[in-house]
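Predicted model, so just to flag it, every value in this text is computed and none were measured.
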Amino acid sequence: MKTQLSVLVKNESLYSRCFSFLWFINIFRKMSVNVWIDQDPDVVKNPTRVLKASNDPYEIDLVPGPHTVYFSDPRAASKARFRAVTGAFVGASFAAGAGGSMLAGASVGADMGAGNSVGVGYASFFLQDGDIFKISAKPTRKGGVKVKQIKEKKK
């Protein structure tokens, strides 16, 4: 019997795809996620696989035992930069409107907009012989990846 990991990669929301520097291209693209299987993304920089959004799940054969799968958004850095630039413009306009320094407002807005919200989603699980572990992965607006286990529907 096969022991598998079934990964359903969902596309980003339309809102998330529109708010980027290349929104006119990204609005029609199927976005991808980087995947590391049983490897730490801080140590191994190149992902094991790159999976694009699809209606059909990707099936990855694994050996029985403990596993950890990490997901990251390849566009996380550009999303953080876009939020920083947008925050700088908004901060500068608010500061100027209030009679303050546009430069100070821009720096505060950029800092608040960028934040440190970029994250790595992961799933840790133990597979026995013949198990199929089903998860979904979806890039978020802030540059992280939301990972959920897919439960079987009862009939």
Side-chain angles (χ1 to χ4, degrees), residues 1-91 107-155:
M1 295 175 66
K2 285 188 174 183
T3 304
Q4 289 184 333
L5 170 66
S6 177
V7 181
L8 177 64
V9 180
K10 296 181 178 180
N11 207 6
E12 292 182 41
S13 67
L14 185 61
Y15 176 76
S16 179
R17 284 182 278 160
C18 285
F19 288 94
S20 64
F21 289 116
L22 299 174
W23 66 269
F24 46 89
I25 295 172
N26 291 335
I27 197 167
F28 298 109
R29 286 181 48 195
K30 298 251 185 218
M31 307 316 274
S32 60
V33 293
N34 293 336
V35 181
W36 288 265
I37 300 172
D38 295 330
Q39 295 175 333
D40 188 357
D42 294 330
V43 177
V44 180
K45 295 301 177 191
N46 294 331
T48 306
R49 295 176 183 220
V50 176
L51 305 178
K52 285 193 170 259
S54 173
N55 291 333
D56 299 323
Y58 293 91
E59 294 178 350
I60 302 167
D61 292 335
L62 298 174
V63 297
H67 297 281
T68 303
V69 180
Y70 294 95
F71 297 91
S72 76
D73 186 352
R75 294 178 46 237
S78 69
K79 288 179 182 178
R81 282 193 301 270
F82 182 75
R83 287 194 320 273
V85 169
T86 305
F89 283 128
V90 170
S107 67
V108 169
D111 186 48
M112 290 176 64
N116 54 2
S117 58
V118 175
V120 174
Y122 71 95
S124 184
F125 50 91
F126 185 87
L127 291 178
Q128 295 181 0
D129 192 29
D131 285 350
I132 298 175
F133 188 67
K134 297 180 180 184
I135 56 177
S136 69
K138 181 178 182 179
T140 65
R141 179 179 58 89
K142 292 187 175 185
V145 178
K146 185 176 181 181
V147 180
K148 289 190 329 186
Q149 182 178 1
I150 300 174
K151 303 283 187 184
E152 293 292 325
K153 293 183 181 179
K154 296 181 181 179
K155 295 181 181 181

Closest non-hydrogen atom pair between [X] and [Y], with its separation:
{"X": "Ser72", "Y": "Trp36", "answer": "OG-CZ3, 3.2 Å"}
{"X": "Pro57", "Y": "Ser6", "answer": "CB-OG, 3.4 Å"}
{"X": "Val145", "Y": "Asp73", "answer": "CG2-N, 3.6 Å"}
{"X": "Phe126", "Y": "Pro66", "answer": "CD1-N, 3.5 Å"}

Hey, does [Y] have a side-chain heavy atom less than 4.5 Å from the side chain of [X]?
{"X": "Phe133", "Y": "Ile150", "value": "no"}
{"X": "Leu127", "Y": "His67", "value": "yes"}
{"X": "Ile135", "Y": "Leu5", "value": "yes"}

Next on the checklist: Please enumerate all residues that pass side-chain hydrogen bond (donor to acceptor under 3.5 Å, both in side chains) together with Asn55, with sequence neighbours excluded.
Outcome noted: none
Identify all side-chain donor-acceptor contacts of residues 47-54 below 3.5 Å with residues at least two apart in sequence or on another chain.
{"from": "Thr48", "atom 1": "OG1", "to": "Ile37", "atom 2": "N", "distance (Å)": "3.2"}
{"from": "Thr48", "atom 1": "OG1", "to": "Gln39", "atom 2": "OE1", "distance (Å)": "3.1"}
{"from": "Ser54", "atom 1": "OG", "to": "Asp56", "atom 2": "N", "distance (Å)": "3.1"}
{"from": "Ser54", "atom 1": "OG", "to": "Asp56", "atom 2": "O", "distance (Å)": "3.2"}

Item to check | Interatomic spacing from CG in Leu62 to CG in Asp38 - rounded to 0.5 Å | outcome: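 Separation between the atoms: 7.0 Å.
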Item to check | Chi angles and distances behind the side-chain contact (heavy atoms from CB on, under 4.5 Å) call for Tyr58, Val9 | outcome: CA-CA 8 Å; Tyr58 293 91; Val9 180; 4.1 Å; yes
Checklist entry - Counting distance only, does the side-chain N/O of Thr3 pair as donor-acceptor with the main-chain N or O of Gly130 below 3.5 Å? => result yes
Item to check | Under the side chain to side chain contact (heavy atoms under 4.5 Å, CB included) test, residues paired with Lys10 that sit two or more places apart | outcome: Leu8, Ser136, Lys138
Item to check | Contacts of Asp61 that satisfy side chain to side chain contact (heavy atoms under 4.5 Å, CB included) - sequence neighbours left out | outcome: Lys2, Gln4
Item to check | Which residues share a salt bridge (charged side-chain N to carboxylate O under 4.0 Å, His left out) with Lys146, sequence neighbours left out | outcome: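 Listed in chain order: nothing, the list is empty.
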